[in-house]
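Proteins come first, then strands; the chains are lettered A, B, ... in the order of their sequence lines, and each starts at number 1.
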There are 2 protein chains.
Amino acid sequence: MAVEMGSILAKSMGLKITSDHTSVASINLFVALLCACIIIGHLLEENRWMNESITALAIGLCTGVVILLTTGGKSSHLLVFSEELFFIYLLPPIIFNAGFQVKKKQFFRNFMTIMLFGAIGTLISFGIISLGAVHFFEKMNIGSLELGDYLAIGAIFSATDSVCTLQVLNQDETPLLYSLVFGEGVVNDATSVVLFNAIQSFDLSNINSSIAWQFIGSFLYLFITSTLLGVFTGLISAYIIKRLYFGRHSTDREVALMMLMAYFSYMLAELFYLSGILTVFFCGIVMSHYTWHNVTESSRVTTKHAFATLSFVAEIFIFLYVGMDALDIEKWRVISNSPGKSIGVSSILLVLVLVGRAAFVFPLSFLSNLTKKTPLEEINIKQQVTIWWAGLMRGAVSMALAYNQFTRSGHTQLRGNAMMITSTITVVLFSTTVFGLMTKPLIRILLPSSSHMNTATGSMMSSEPSSPKSLTAPLLVNAEDPEADTGDQNVPRPTSLRMLLSTPSHTVHHYWRRFDDAFMRPVFGGRGFVPFVPGSPTEQDELQWH
Amino acid sequence: MAVEMGSILAKSMGLKITSDHTSVASINLFVALLCACIIIGHLLEENRWMNESITALAIGLCTGVVILLTTGGKSSHLLVFSEELFFIYLLPPIIFNAGFQVKKKQFFRNFMTIMLFGAIGTLISFGIISLGAVHFFEKMNIGSLELGDYLAIGAIFSATDSVCTLQVLNQDETPLLYSLVFGEGVVNDATSVVLFNAIQSFDLSNINSSIAWQFIGSFLYLFITSTLLGVFTGLISAYIIKRLYFGRHSTDREVALMMLMAYFSYMLAELFYLSGILTVFFCGIVMSHYTWHNVTESSRVTTKHAFATLSFVAEIFIFLYVGMDALDIEKWRVISNSPGKSIGVSSILLVLVLVGRAAFVFPLSFLSNLTKKTPLEEINIKQQVTIWWAGLMRGAVSMALAYNQFTRSGHTQLRGNAMMITSTITVVLFSTTVFGLMTKPLIRILLPSSSHMNTATGSMMSSEPSSPKSLTAPLLVNAEDPEADTGDQNVPRPTSLRMLLSTPSHTVHHYWRRFDDAFMRPVFGGRGFVPFVPGSPTEQDELQWH
């Protein structure tokens, strides 16, 4: 019985099943390592260099080494990165939680800049990396790579690691940077995936201008429909919970429904070939704005922490997994006769990543600053450097895309393909550890204003903004509104025409608030429109049937 | 991209993958149906017959019919019950939550009776069903069944459905019955699985007395080691969280660690071929007694509701799944030429289940009553009937065991095997719906004292004991201690020797409390020994390093 149980998880984790009991052992190993990562991460909390991702990566690498040594180099296929596991189980909770806990006002105020960075920036980075790859790799004779492969390399290495960014930047300390870098990361993920799909599906033999238009059209279609789908699913969940008033019977139903609806939005997007990442992100935003206010007090605490916990575990899982997968010996064996060439390819890719990102962060920041009226709102040079640096990490999305491109139809044995897989792993490991380790000190040097908070808080998970308070604050403070904004008092209300013209985004926000209060909140609930008033059952019935 | 994402979940759900995009569609269908079940279950809350399980089964059946009709009977393998999915993902959260939310005092006070019912009772039931099967089926010429198959039938139909029981009985209304029937269910699950493994592994060609002893020995070993493993894992989690004081940095870490440790205990038991069900149940009890008190207030609310929600979703998933799987047309085709025989087999099995359960509930209740000193503590005849009836449901454990026995090495096409699979499905569907539908009215007739609470509350999930309060109670009341016992005031303290002799279980409890307060709680935390005192950081540091 027990022997046969583990096979499925094993399959979805890409374990090669020599014996079924081995896979139960693997699950045990994985769960134990996850626990170890949490505990060690907690102990290293005060450390000024480390963060949870790097700890998990390091533990994963160490475990890989131990497995390799104990099995005498035989277990080359014990763990192979599985993009299915990543895209179906691990990514949705992370992105949903990011949307659920993001400071919405900051995010929407910088919406145009985020779009500029995420869409145009990614295209620039893609172009530079692709051209660079063609330029350098054709001379190096690293194996048979076609035009599609070079373009894929561009898409693979344009995908920043939003998960790692979440760990490095802090929403409370540097709200502007956080919203810019993270928002860009979400849009960037979507752009990379669209690019990648376009490369795999478009006919590349006859490139003409119509393909470019097709691509732009498909991107806009994808972006708009994905966003609308997310917003729609979020609103549906808010409406159902408000209308049926689940809390009357069971808070578990509310929590279950919120979780399922969020996941449903992601899978629905995948069903329609849209960007699940964008959909689930906007679903999270809508849910925190409406649905979250319609549920009972305990459901609020539960969802806030349960979503953060799921996201937290998924993040650690990814890094642990990438770390363990990096030592799959078979991939390295193919390129072992030319170690110099492999190092060369990885170095070139790293340089291209650095250049490609610099090529859009600084010009686009300049463009974005032109639209700002006050110097305070501009992105200064130090912030630009931070944005550039914080988005250099490449992570699981790159890995997933690389595996998809270079291990399709069993071509792993081809020298060019093996080279690209190992180079991707090298770039991911190097950028996550080295760039990641240097980000915290860099931010401390560049943006000293943020150092007034202690470093322990600085390294905290962004998904847990109220954690420091949980030490002494009572429960109700802890269960604070996830949309509570620190920047609230900075928003000037447009009282005159001059203000109206000088602060367009604030005006948009003002009209949105009026629309929200007049039409959306009465229907979908939200702060101030909750159907449930504690201690007054009559009122609540009236509101419910209003 | 999107096309390839669904294949793994599809595999683990036993979907036959014709196209990868089909499996994304299947996941969507499943998530949508889960949402529908929750909403319809909520709307039927006040109904006096229905419960969530039957709703889910019905929806599953309807969906199966729709799929069958739309595909013109082709999709015979769209959904096949997968025991891996059941045992690795769905069962652990349900059983853990049951242990986490069970009223511990009631459970341990009736420990001997529960063991009597769960172990001896299951053996009696197993014997009767096996003998009955040999007696009736050998005459019926239903195909080639060996001795091992008959014994397996006994084990399969001795496994009661503890999940369905949780839905029908209510912990607050009938605490004694709940703890007896549910406790029995957990031990029964373990006994059935041990029996089943014993049948599959022991050499049945030469039965002698040593096999019986071997079996008893293996059961005792399994029960004791599984329990100890669960207790040990629970204590470790309590110790780690108390010692390292996770709440200081992040409540998410606490919640993540509790979840992972609970799952770890289950998988560890599977690794050592023990009973994961028993292990995770006792892990839940220990965690609610120690670990739960060591975490922050928000972690307490979160874990309480998150575990209940996971369990709730897993329960619905199982019933939905069983309902959809029931219409797999291929199994029915094999036996379609002898419908009368199939109905005969199912009827005989149902009668055997009824008789087998009656054969141990009434005699063992009589035995158990002999040990009780006061008539108030005895199980009266009405309660005995309720216990008999509430344990008649057969569910997913029976399904999983039947699939394991009768579809091994692709023998589904054999007539005897197909007959047993379809009969199992019939018994499960019939017992869950018919017996399940009649349980609530039966309890209302037999135990009218429980009807002073309204029926809506009566049909609530047991995992949510404080739900009715959540309507008006403030958050802190809602986050009440899961070990708060209604029976607390009924426990007389042994003040004299007479009392000591007359109430042995209370004495055991008294000494346990003293031991707990003197040795266990100072080390592992627990009520009154939490390391964290709000508002006094000095004290808490002292306590932490005490």
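For chain B, the nearby parts of A:V255 are the backbone and the side chain; heavy atoms of each come within less than 4.5 Å.
Looking only at distances, no side-chain donor or acceptor of B:H305 sits under 3.5 Å from a matching main-chain atom of A:S298.
Each of B:L310, B:T309, B:L268 has some count of heavy-atom pairs under 4.5 Å with chain A, and the biggest count is that of B:T309.
Smallest separation of non-hydrogen atoms from A:L257 and B:I39: CD1-CG1, 4.2 Å. Of all heavy-atom pairs between B:D252 and A:F312, the closest is O-CD2, 4.4 Å. The two residues B:R253 and A:G41 have their closest heavy-atom pair at NH2-O, 3.9 Å. When every heavy atom of A:A256 is checked against every heavy atom of B:I38, the shortest pair comes out as CB-CD1, 3.8 Å.
Annotation: side chain of A:F264 is not in contact with side chain of B:L34 (no heavy-atom distance under 4.5 Å).
In this structure, CD1 in A:I316 is found 8.0 Å from CG in B:L260, a value given to the nearest 0.5 Å. Between A:N28 atom CG and B:F272 atom CZ the span is 7.5 Å, to the nearest 0.5 Å.
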